Amino acid sequence: MLTKKSRIKDVYANPIGRDIIDRVLLQMNISKKAVNNPIIGSLRLKVLPKLLKSQLDEGFVDTLLTLLNTEHETAKGNDEMILKAWWKEAVFYQIYTRSFKDSNGDGIGDLQGIISKLDYIKELGIDAIWLSPIYDSPNDDNGYDIRDYHKIMAEFGTMEDFNQLLTEVHNRDMKLIMDLVVNHTSDEHKWYQKAIQEPNSKYGDYYIFKDQPNNWTSFFSGSAWNYVEERGQYALHLFSKKQIDLNWENETLRQEIHDMIKWWLEKGIDGFRLDVINYISKRSGLPEANESIGKLMEYKGVEHYFYGPRLHEYLHDMKEKVFIPYNAFSVGETPGIGMEMSKLLTADYRKELDMVFSFDHLEMPGRTRFDDYHYDLNYLKSFMINWMENYGEHCQPSLFFENHDNPRMISKINSERQYRNVLGKLLAVIQLTLRGTPFIYQGQELGMINQNFQSIEELRDVESLNLYDELCNTMKKEEAFSKILAGSRDHARTPMQWNNQQYAGFSTGKPWIMMDEDYKICNVETQFQDENSILRFFQNLITLRKEHRVIYYGEVLFINQKEKDLFAYYRKDGTETLYIEINLSSSNKKRTKYPEGIRLLSNYAEDSSSFLRPYEASIWKYN
Ligand code: NOJ
């Protein structure tokens, strides 16, 4: 058992301790080397607050100890071969339906729109599709606030459309996974309506109510509690005011969720992406949040639910009862979860989840999504090296740079127009040649970039709008707007750019969200005709991936790790060796050695000789 007298190095030797300390260091932009320093390592835990520039108080140490002492497991080492599975070989494509393709001219993407583009997705080389929520919803958070799990959102179509979509996806030999949002429902869900109107019915305990709110805050600004007049109590909402947190402690509720999942699996879908699934177990008693952790993480209360006491139990139960019988795949969205916790959530022998999405690579140390800064790819390199070398054979990494919750990656790294094409391809090389399962977000295959929003009125996302209002209390409107622009999720939610016609061929009607003029130069139709486009590069790279199975299960061997701006690695198995060589900077970079073998694919047409050009990324095959 770890106590306040334990030494920092002992805490760091504990896998969960390491995750938490790493996370804190990341947030504070302090190098991990600090912990490996023998003097610092031998200090006792109780001095940590002082060491961390007094930014963390005593309560932080208590919270850390609670977390450490509730997790008794550590992940196994690499003792076996990697088990094979379809989802370890697949390339996934995420569709945000609202913005993908509209079939009926109402300016909102829909299921028939998706069906009309399945051939495109297949041609790109995609094996599996992840659909963001398409269930009935009042759309406070674009479908992540579900009103009815068994119904399709009217704007998106009908259940017949869905059945057709599933058949058509399967006819093309692709798989379909759905979004599963079970941390919360909409306040318009009948369970919630019953819970507030008939508190003594079985629904009365389906949500988290409290007589007095605690100090937790919502991810979408303000307190995490709504006053509910009907009950004279407060209801917890970690996200918007209309997304109320379910009470997983209630067994009947868990059973209901299992039944609902089975209902979808009976239809033949192939699995789920589980929305903020690591938040489902809240520490009992819902203790007050530690203020200093709140300040550091920007949200209060996270320490009491991001890795809750019954999380493993709930996941294991769900896997055994629901996922395994249907042979269904699961990938959990798990913000704040580090590598060691991820191992415990996904190791094959533990039977909880198949994979997770962790997010620590999307922002640089000390930065958050709403900071305006340039992302240095050397950080991505160090992150990837760590995961590739240490995640282990029992776990499968997910590889992604974009989704519907983040601005476009190219814009984050370098928004100079001249680099857009090479940079888009460079990211594709990293994503499709490391070990792991790639998830491509719609439009990423075109190199889509952040939109040129001009005013707050053009934004639609509840997170951006709430944050803007909050910021306006303390800063000028222009300043608040520019902060929102840096991180708004709407950058990724503008319509997919199909052609250079009106509304980019997305719809015949005015789209639900604005789009700038970028579609005139960046769209599917133009890129398909251009051999050098990002789209064709993705297509070729996915084909290459399928031809070189070493990418699925082979070893990853990094070389010259210390050399700044160079990201170089081998993929090796008993039959072949690939060499990947990437210049992470926008300057020329001297090569120490010219690669042997043949160049299979590169983001530059002509080969260079003694130096690598800006963002040059190539794949070589060795004999
Ligand atoms: C994560 C989803 O990806 C995001 O879009 C949503 O707002 C929150 N979870 C709440 O469901």
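These numbers were taken from a predicted model, which means no experiment stands behind them. Computed over heavy atoms, backbone and side chain alike; hydrogens, waters and symmetry mates excluded. Whatever order the structure lists ligands and atoms in, that order sets their numbers, starting from 1.
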task: Please check if the distance between the ring centroids of H361 and Y379 is under 6.0 Å.
output: no
task: Heavy-atom contacts with F220 under 4.0 Å: which atoms of ligand 1 show up? List them by number with element.
output: 7 (O)
query: Numbering the atoms of ligand 1 from 1, which are under 4.0 Å from a heavy atom of R493?
result: 5 (O)
task: Answer yes if the ring centres of F92 and F329 are under 6.0 angstrom apart, and no otherwise.
output: yes
- prompt: Going by an N to O cut-off under 4.0 Å, is there a salt bridge joining D405 and R489?
  reply: yes
query: To which protein heavy atom is atom 2 (C) of ligand 1 closest, and what is the distance rounded to 0.1 Å?
result: D275 OD1, 3.1 Å
Numbered atoms and elements of ligand 1 in range of R489, under 4.0 angstrom, heavy atoms: 4 (C), 5 (O), 6 (C), 7 (O)
field: Heavy-atom side-chain contact between D148 and H189 under 4.5 Å
entry: no
- request: Among W263, F156, W264, F162, find the residue that satisfies the ring pair (Phe, Tyr, Trp, His ring centres under 6.0 Å) test when tested with Y135.
  value: W264
query: Among F219, Y96, F239, which one has a heavy atom closest to atom 8 (C) of ligand 1?
result: F239
- prompt: Looking at H184, which atoms of ligand 1 are within less than 4.0 Å of one of its heavy atoms?
  reply: 10 (C), 11 (O)
message: Test your reading of the model: is there a side-chain donor-acceptor pair from D461 to the backbone of D490, 3.5 Å cut-off?
response: no
query: What atoms of ligand 1 come closer than 4.0 angstrom to any heavy atom of E333?
result: 1 (C), 3 (O), 9 (N)
query: With a 6.0 Å cut-off on ring centres, are F439 and F401 close enough?
result: no
- prompt: Where does E463 meet ligand 1, judged by heavy-atom distances below 4.0 Å: at the side chain, the backbone, both, or neither?
  reply: neither
message: Can you report which non-hydrogen protein atom sits closest to atom 7 (O) of ligand 1, along with the distance?
response: D141 OD2, 2.5 Å
query: Counting each atom of ligand 1 from 1 as listed, which ones have a heavy atom of D405 under 4.0 Å away?
result: 1 (C), 2 (C), 3 (O), 4 (C), 5 (O)
